[in-house]
Amino acid sequence: MDAEQLREYGHKMVDFIADYYKNIENFPVLSQVQPGYLRKLLPETAPAHSETLKDVLEDVQTKILPGVTHWQSPDYFAYFPSNSSVAGFLGEMLSAGINMVGFSWITSPAATELEMIALDWLAKALKLPDEFLSTGQGGGVIQGTASEAVLVVILAARDKVLRRVGKDAISKLVVYCSDQTHSSLQKACQIGGIYPENFRVLKADPSRDYALSPDTLSEAVSHDMATGLIPFFFCATIGTTSSTAVDPLLELGKIAKSNSIWFHVDAAYAGSACICPEYRGYMNGVEEADSFNMNAHKWFLTNFDCSALWVKDRSALIQSLSTNPEYLKNRASQENLVVDYKDWQVPLGRRFRSLKLWMVLRLYGLEKLQAYIRNHIELAKLFEELVAQDKRFEIVTPRKFSLVCFRLLPPPSNEDYANKLNHDLLDSVNSTGKLFISHTLLSGRYILRFAVGAPLTEERHIVGAWKVLQDEAATLLSKC
């Protein structure tokens, strides 16, 4: 393809995407297709001869889009947001066009250096301690997801302690988290060879809005040490997946530090809000952490994937993940003049992801990004108020960011029916195609989650979603 063909096809693709966003509200938010639908619509083998872009895009329109759940729809309120933006899209487009593989500095110096600069900018916006900046012994790196971020730090922490106590002690290593911690930590432990019986899931305190009590952690650590085990890793969360609970970082961090435990803070969702001064307090105590993670692709207008991880001691990552085959050796790396991000992650290859984060930070600026976050939180407040005014529903946990946890109350003296009732409400609402919400379990109760964060969501979408919820609830209650 020459430059003129690229220009022609590129314009057509941009037009297609622009029309998609223009009409996104016309699609069912949650795809309504049945499993296996696409195999019935597409040929069994690849075409022998080239086809036109026009034909391909027609198939996208008629066959692919019906099977898409539209995460950028203004009526998308499930899980957590996965933001897209013009700035993020353009950065992704430019990265794809350049198509470099920046595993070491020499493979494209700008990719490594821009990543260091952009993550330093973001770290300063979050007011992270200076130890997390690339100008010191630590620094930031873009991982694909928070799952990858927690994996690489648990590997670094594991190897750091094994160098001290001997590799045969792996059976004694213990990991701690609350029962509200994301399941990616469990997977990281499985990959990292941590014995399943040494993965401690501590019960969060409902009276603390499902945050982890420092006393609970302290007791667990003391008990394990008394039995000859080696506590080595603890993960706290700012904004848990179920209810956006915030663990008390300062107290928990001091316990970790006093016991030489690697302290990781997962702020995958809520970290974005902490660029606003009024929410920065939720990060108090992050100075005790060894590593910190937030997903710019969740709520920061940066297209997936872009998970920012900072560490205080980059050497711990490098010692655990570095390889140095002959065919990758070069003077800049051998003389330790540069950062080679291949040694900070699991794969060798890596995309030029910092371009889109850099473009988001430049094209929006911190003031507009703060306004964007605040707007979603105000919309969540509106939804919370609407729920609170309807006595058929209850708010289950206090709203901290832009997630509202609520449920439909069962008929009197029929609490056992509550979980089924809310499960049925979720299914009936999502089956309308007018909105998409998700659920969780808190203290055994089936809870509905309404997460505001799609870039196109306005007040009218909140009001419309609430009307659907009320109507479907009325239908279900009439059958009780």
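All values below were derived from every heavy atom in this structure, side-chain atoms included, with hydrogens, water molecules and symmetry-related copies excluded.
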Problem set entry | Within 6.0 angstrom of Glu459 CD, more than 12 heavy atoms from elsewhere | no
Exercise. In terms of the angle between their ring planes, are Phe27 and His70 parallel, tilted or perpendicular, with boundaries placed at 30° and 60°?
Worked result: parallel
Problem set entry | Atom NZ of Lys434: over 12 foreign heavy atoms under 6.0 Å | no
Exercise. Heavy-atom distance under 4.5 Å between the side chains of Leu469 and Phe383, does that happen here?
Worked result: yes
Exercise. Which word best sums up how the rings of Phe406 and Phe393 line up, parallel for under 30°, tilted for 30 to 60°, or perpendicular for over 60°?
Worked result: tilted
Exercise. With no hydrogens and no angle check, do the side chains of Ser443 and Tyr210 hold a donor and an acceptor under 3.5 Å apart?
Worked result: yes
Exercise. Taking only residues two or more places apart in sequence, or in another chain, which ones meet Lys187 in a side-chain contact (heavy atoms from CB on, under 4.5 Å)?
Worked result: Ile191
Exercise. Would a distance-only check, ignoring hydrogens and angles, find a side-chain to backbone donor-acceptor pair under 3.5 Å from Asn422 to Leu408?
Worked result: yes
For this session: Could you check whether the rings of Trp299 and His376 sit parallel, tilted or perpendicular, using 30° and 60° as the cut-offs?
Result: parallel
Exercise. Angle class for the Tyr282/Tyr279 ring planes (parallel below 30°, perpendicular above 60°, tilted otherwise)?
Worked result: parallel
For this session: Ignoring hydrogens and angles, tell me if any N or O in the side chain of Ser431 forms a donor-acceptor pair with the backbone of Asp427 under 3.5 Å.
Result: yes
Exercise. Mind checking what makes side-chain contact (heavy atoms from CB on, under 4.5 Å) contact with Ala111, not counting sequence neighbours?
Worked result: Met100, Ser108, Phe352
Exercise. Could you walk me through whether Lys342 and Asp340 pass the salt bridge (charged side-chain N to carboxylate O under 4.0 Å, His left out) check?
Worked result: CA-CA 5 Å; Lys342 69 180 179 62; Asp340 288 333; 5.2 Å; no
